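In what follows, a structure is listed as C-alpha cells, so that the remarks can point back to it.
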Amino acid sequence: MGDEKVKEEAMRIIGMFQLLPRLVVFDLDYTLWPFYCECRSKREMPSLYPHVKGIIAALKEKGIDLAIASRSPTADIANTFLDKLNIKSLFVAKEIFSSWTHKTDHFQRIHSRTGIPFNSMLFFDDEDRNIESVSKMGVTSIYVDDGVNLGALRQGLTEFAENQNAAEKNKQKWLKKYAQNSSSAEKKDLK
C-alpha cells in the first residue's frame, strides 16, 4: 500500500472518531523506523515502516500536532535521519535524549513546550515499560511490536475515545454528586 493509499485509509479511520487527541507522540526506534539509530551511521539513508508517512500526513491534515519522545543516546543521528526523511519539520516537539525515567521527563518537557494536557495526548512506543509509566501520567499509550501501522492508529484512537468518555462520565458523576451535596447543605441552612 503506497503512502497516498495509507493516508486515505488513515483519514477514513480518523474520520470515524468525534474525540481526537490534540497531540500524537511517537517513539523513534522500532516505532517509526525498524532499527536502533545508535547502531547506524549518519551517512546511511534510513527508512520508515511502510504506513508511517501516510499516517503522519493524515494526522497533520486533520490538524493534530505531532511530537517525538525518544530515549536514543544518539540524538544527532536521530535528527539527521528525520532530516533525510523530510519529516523533521512536522513535529512541534522533539525530545530525543537518553534517560532512565521511562520517558516521563520527555513528556514533562513536551507538555511544558506545547501546553497540551497529558489526557489530550496519544503515544505510540515499542517498550512496555514506557507504555506503563506514561499511561500513569494520563496519556493514552499504545504498544506497537512492529512499528506504527493503520491497525495501531485505529486501536490508539479507539482507546483515546474510550478514555475521554470514561473521564467525562466520572466528571458528570462527580458534578451530580456535588450538586446533590450542595443542595442538601442549602436545605440544612434554611432550617
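We're numbering straight along the sequence, starting at 1. These numbers were taken from a predicted model, which means no experiment stands behind them.
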Going by heavy atoms in the side chains, are L85 and L48 under 4.5 Å from each other?
-> yes
Where do K136 and T104 land on the side-chain contact (heavy atoms from CB on, under 4.5 Å) test, with the steps shown first?
-> CA-CA 9 Å; K136 289 176 184 170; T104 53; over 6 Å; no
Closest heavy-atom pair, I142 versus I131, reported as atoms and distance to 0.1 Å, is O-CD1, 3.3 Å
Relative to each other, are the rings of H106 and F97 parallel, tilted or perpendicular (30° and 60° limits)?
-> parallel
Okay, side chain of H51, backbone of L150: is any donor-acceptor separation there less than 3.5 Å?
-> yes
Identify the two heavy atoms, one from F107 and one from A69, that lie closest to each other, and give their separation to 0.1 Å.
-> CE1-CB, 3.9 Å
Working for side-chain contact (heavy atoms from CB on, under 4.5 Å), residues I116 and D65 = CA-CA 10 Å; I116 295 173; D65 285 332; 4.3 Å; yes
More than 12 foreign heavy atoms under 6.0 Å from CZ of F35: is that the case here?
-> yes
Does the side chain of R113 reach to within under 4.5 Å of the side chain of E95, using non-hydrogen atoms?
-> yes
Ring centre gap for F17 and F160 strictly below 6.0 Å | no
Should Y36 and L82 be counted in the same cluster of Ile, Leu, Val, Met, Phe, Trp and Tyr side chains packed under 4.5 Å apart?
-> yes
How about R22 and P117: do any of their side-chain heavy atoms sit closer than 4.5 Å?
-> yes
What are the two closest heavy atoms between A10 and G54, and how far apart are they?
-> CB-O, 4.3 Å
Taking side chain as C-beta onward, heavy atoms only, is C37 less than 4.5 Å from D29?
-> yes
Quick one: sort the F124 and F26 rings into parallel, tilted or perpendicular, breaks at 30° and 60°.
-> parallel
Report yes or no: does E8 contribute a side-chain atom to a donor-acceptor pair with the main-chain N or O of A58 at less than 3.5 Å?
-> no
Backbone N or O of K42 within a donor-acceptor pair of the K84 side chain at under 3.5 Å?
-> yes
The residue among L157, N163, L20, V139 that forms side chain to side chain contact (heavy atoms under 4.5 Å, CB included) with L122 is L157
With D126 as partner, the option from L32, D27, V148 fulfilling side chain to side chain contact (heavy atoms under 4.5 Å, CB included) is D27
State plainly whether the residues E61 and K7 are in salt-bridge range, i.e. N to O under 4.0 Å.
-> yes
Between CG of D125 and NE2 of H102, what distance do you get to the nearest 0.5 Å?
-> 11.5 Å
Please report the shortest heavy-atom distance between S72 and E38, naming the atom on each side.
-> OG-OE1, 3.9 Å
One should read off an interatomic distance between L23 CG and F123 CZ, to the nearest 0.5 angstrom, of 11.0 Å
Quick one: does I110's side chain get under 4.5 Å of M121's, heavy atoms only?
-> yes
For residues N149 and Y49, determine if any side-chain heavy atom of one lies less than 4.5 Å from a side-chain heavy atom of the other.
-> no
D128 side chain to Y143 backbone, donor-acceptor under 3.5 Å = no
Non-hydrogen atoms of R40 and I77 that approach each other most closely = O-CD1, 3.4 Å
Is it true that R12 and E9 make a salt bridge, defined as a side-chain N closer than 4.0 Å to a carboxylate O?
-> yes
Where is the tightest heavy-atom contact between L90 and K60, given as atom of each residue plus distance?
-> O-NZ, 3.2 Å
For residues R71 and E127, determine if any side-chain heavy atom of one lies less than 4.5 Å from a side-chain heavy atom of the other.
-> yes
